[in-house]
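Presented below is the structure to which this report refers.
Quick note: numbers below take in every heavy atom, side chains included, and nothing from hydrogens, waters or symmetry partners. Keep in mind it's a predicted model, so treat the numbers as computed, not measured. In this chain, residues are counted from 1 in sequence order.
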Amino acid sequence: MMIDEQIAAHKRLAPPKAAPKDGAKKTPAPRKSPAAKKPAAKKTAKKKTPRKAGSRKSGKGKFPQLPGWFKSLCGLGIKLSIVLLAVLLVVGIYLDNIVRSKFDGQLWNLPAVVYGRVLDLEPGKAITLSEVRRELDLLHYHKVRTPQRNGEYSSSKTRIELIRRPFEFDDGPEGARHVMLVFDGHGLRRIEEVGSKRELGYLRLEPKMLGMLGTKEGEQRIFMPREQFPEVLVDALLVTEDRDFYHHGGVSPWAIIRAMMVNLQAGRTVQGGSTLTQQLAKNIFLTRERTLWRKISEAYIAMIIDYRYSKDRILEAYLNEIYLGQNGGKEVHGFALGARLYFGRPLQELRIDQQALLVAMAKGPSYYNPWRNPERARERRDLILRLMMDNGTLDGAQYEQAASRPLDVQSRPMIASSQPAYFQQLQRELKAKVGDNFTPGVGLRVFSTLDPLSQNDAEQAVQKMLPQLAKKAGVDLETALVAVDRRSGEIRAMIGGSRPGYAGFNRALDASRQIGSLAKPAVYLAALRQPGSFSLATTIDDKPIKIGGGRNQIWQPRNYDRKFRGEVPLYYALAKSLNVPTVNLGMAVGLGKVIDTLVELGVERSEIPELPSILLGSFTLTPLEVSQMYQSVASGGRRAPLTALRAVVEQQGKVLYRSMPKASQVVPEQAAWLTTYGMKNVVSQGTARYLQPQFGWAALAGKTGTTDNNRDSWYVGIDGREVVTVWMGRDDNQSVNLTGSAGALRLYGDYLSRRQPEPLRLAWPSKLITAKYNRLPNGTLTRDCAGAYSLPVWDKNGKVKAYCETSQPARWIQDMFGL
């Protein structure tokens, strides 16, 4: 029972006092005796001592009175505390809104990642073992004795065993695949799944990452979800940077105290007390200035982040945010992109020591730069490996093995080789074909048509041959190169200048130069599409001619060697690139029909003046436009619009754009076939015979081109795989002293020595037969069914075949009357 309750109970039990009755006299109090009375003291004025302000009389059971200034101070403190709490609340609400707006939306501006073409493999494909090996090397597959992990392969003389990496293609993801590729002399013979021995109908190799597009900020990163990060890397990061990450609330007082003790003991700052969450808050929301307010803000934001989001969500953000170095003028953020910068491989394929080096970079990418400071970087890496061993992540044997390895970084920091000319074409197509659906900064994936083998070999050819040819010409040279798929029109490689890796004026797209003799195949095609009048054996005059032009001008075309041969067969005039016979043929066909043929092949009509001189190429085209014209011819007359863009896909897998090949028959297949056959003679016996000794087995086709005063050197080469256009010249349009065969052809030859050509096999179209001829003393041909010389002929009406099936007298009569 409480004390107050006991007192109340006692009062209830005590007898009540007798109250006096009404009217009864009160007993008077006893009087004091006179002796007891004291004489009254004389009242005197007594001076009172003034009491100090705020003092209180002390008495039994009373506290001393506090001074007034203290009460005022306490009141002020309470008011300030209320104000401070209100400010913290308002600031907290403000910071909370900022944090949520970032974390609940898109945390970063993610660039669009650009990939090259996908290599499709299937039994029967005309691809060699060496080509597949080169592809794997460019994709940074690791050659081993026995493949056991993704991204590894082994190779023998006839087989390649590999574990294909998992990859999300434009039509969906595919997992890793362990396969055996079997080759023979004709190409890929069989694809087997290792283990089950099941034969596969096809296999796709993941495309090479070419670079990034679409962000104006100075940052690059590839976003990777938390579950895809290697656990070894996460353990290394936590044991090094924040051991209590999963136990603190965003800020760790013990870490701060521990860092202060270490720093005091060392006499300098050697350890920080910031948690990963604080570092994340600083990197995303704050500047790098060293002020008290920044540290307070950092801690406050870190606590908000920790309260709002799970630890794995915070760790995911940190793993993708961390700064790991520079790629050119761009900052590299996140371990996923850092792995490609330092090692050129996906993060998941790195060894333990390589992952430890990436964690080492987190403390200071410049200070621990493995190219500039390899010993410092290795010392830091080994420290992290030792911490991992102490923490139980590694055992002693794993530590010894990892610490004994070299750094194994790339020869130079590089995420992807630069293809500025190709990227310009890609950006133009994105604008034209995808438009506003191509949103910068949302992490789109762009699948292009670039062949990394073709691009790499073209760049090496330019770097080797251009200085040699410039020295031979005695002038500085510029160049451009475009390689397109012969059938699909997909652009496989593009070089816009003498320095392939540097951005600038793109001559492949924007240098419109006179094409000279490159116009001639269109003239011959315009004739050959009229089989009743012209064939490869048709005789053409090669004699001096004069053609009237406007304003009383006379045009007198001449052959390059200044000679006239009298009469020549059509195929010979094309092989030797003779000017005068070409002009005579074009005038016989009709200027309008030649222009129509050029337009059908893909040349804009506005580019072609209606003048006889166009028969010798006195109009301008870019190398890309030339490539379109020749692709239309080399594919059997099926023009496929040139493209560098295959697909655009969102992060979630939604396809924004996919290229649908649309080749259309624009000129008769037979005429295109015969023209390509004529261009084979250019290589075998004409102006491009420089290629024949080395590549005669491939039955190549091509055409040289040279303009007035040797200002432009051109060559277009055709094999079974590609149409390649090469231009050489000077930006000031002065002479380079090189013909097409002395300049551009030599660069193409070096390219072919690297990029092994496919044989150019042309399937015979319908109504195409072989006719026999005899060669006359002047070099022209005459029809003879028993002749020694054969040429293909478009027998549109069956008359050529019937000619040799009739009796000899009947043929004599037909010849006499020109029937």
- Query: Between R755 and D451, is there a side-chain N and carboxylate O pair less than 4.0 Å apart?
  - Reply: yes
- Item | N437 atom CG: more than 12 heavy-atom contacts under 6.0 Å | yes
- Message: Evaluate D750 against R754 for salt bridge (Lys or Arg N to Asp or Glu O under 4.0 Å), listing each step before the verdict.
- Response: CA-CA 7 Å; D750 188 82; R754 304 169 190 275; 2.8 Å; yes
- Geometric class of the W673/Y677 ring pair [parallel <30°, tilted 30-60°, perpendicular >60°]: parallel
- Using distance alone, with no hydrogens and no angle criterion, decide if R711 and Q734 have a side-chain donor and acceptor under 3.5 Å apart. no
- Note on the structure: In terms of heavy-atom contacts, L477 and L466 come closest through O-CD2, 3.8 Å
- Would you please say whether a donor-acceptor pair under 3.5 Å links the side chains of E722 and S454? yes
- Basic-acidic side-chain contact under 4.0 Å: R721, E131: yes
- Message: Quick one: does any side-chain atom of T449 pair with a main-chain N or O of I491 as donor and acceptor, under 3.5 Å?
- Response: yes
- Message: I'd like to know if E490 and R117 make a salt bridge, using a cut-off of under 4.0 Å between side-chain N and carboxylate O.
- Response: no
- Message: Just by distance, no angles: are the side chains of S535 and Y571 close enough, under 3.5 Å, to form a donor-acceptor pair?
- Response: no
- Are the aromatic rings of Y773 and Y789 close, with centres under 6.0 Å apart? no
- Item | Any side-chain donor near an acceptor of the partner, K703 and T687, under 3.5 Å | no
- Crowding at CZ, R775 (>12 non-hydrogen neighbours, <6.0 Å): yes
- Message: Any salt bridge linking R486 with D719? Criterion: basic side-chain nitrogen under 4.0 Å from a carboxylate oxygen.
- Response: no
- Message: Among V666, V594, I608, which residue satisfies the side-chain contact (heavy atoms from CB on, under 4.5 Å) criterion with V599?
- Response: I608
- Would a distance-only check, ignoring hydrogens and angles, find a side-chain to backbone donor-acceptor pair under 3.5 Å from S735 to N709? yes
- Does atom CZ of F505 have more than 12 heavy-atom neighbours, drawn from other residues, nucleotides or ligands, at distances under 6.0 Å? yes
- Message: Quick check against the 3.5 Å criterion: does E758 have a side-chain atom that pairs as donor or acceptor with the backbone of L760?
- Response: no
- Query: Do the rings of Y748 and Y715 sit parallel, tilted or perpendicular, given the 30° and 60° boundaries?
  - Reply: tilted
- Message: Looking only at the side chains, is there a donor atom on one of K520 and N579 sitting less than 3.5 Å from an acceptor on the other?
- Response: yes
- Under 3.5 Å, is there a donor-acceptor pair linking the side chains of T597 and R529? yes
- State plainly whether the residues R730 and D732 are in salt-bridge range, i.e. N to O under 4.0 Å. yes
- Is a side-chain donor or acceptor of D561 paired with a backbone partner of K563 at a separation under 3.5 angstrom? yes
- Query: Using a distance-only test with no angle check, is there a side-chain donor-acceptor pair under 3.5 angstrom linking S627 and T725?
  - Reply: yes
- Message: Can a side-chain donor-acceptor contact be found between Q427 and Y422 if the only test is distance below 3.5 angstrom?
- Response: no
- Message: What I want to find out is whether R507 reaches E478 closely enough, with some N-O distance under 4.0 Å, to be called a salt bridge.
- Response: yes
- Is it true that K767 and D795 have a side-chain N and a carboxylate O under 4.0 angstrom from each other? no
- Query: Are Q694 and S753 close enough that a side-chain donor and a side-chain acceptor fall under 3.5 Å?
  - Reply: no
- Message: Is it the case that the side chains of E459 and Q455 hold a donor-acceptor pair, with the cut-off being a distance below 3.5 Å and no angle test?
- Response: yes
- Task: For N710 and T739, indicate whether the former's side chain and the latter's backbone hold a donor-acceptor pair under 3.5 Å.
- Result: no
- Item | Side chain to side chain, I127 and L119, heavy atoms closer than 4.5 Å | yes
- Message: Quick check against the 3.5 Å criterion: does Q670 have a side-chain atom that pairs as donor or acceptor with the backbone of S766?
- Response: yes
- Atom pair CD/CD of Q468 and Q463 - distance to nearest 0.5 Å: 12.5 Å
- Query: If you measure from the Lys or Arg side-chain nitrogens to the Asp or Glu carboxylate oxygens, is any gap between D510 and R428 under 4.0 Å?
  - Reply: yes
- When rounded to the nearest 0.5 angstrom, what distance separates SG in C785 from NZ in K801? 13.0 Å
- Message: Can you tell me how far apart CH2 (W555) and OG (S618) are? Round to the nearest 0.5 Å.
- Response: 7.0 Å
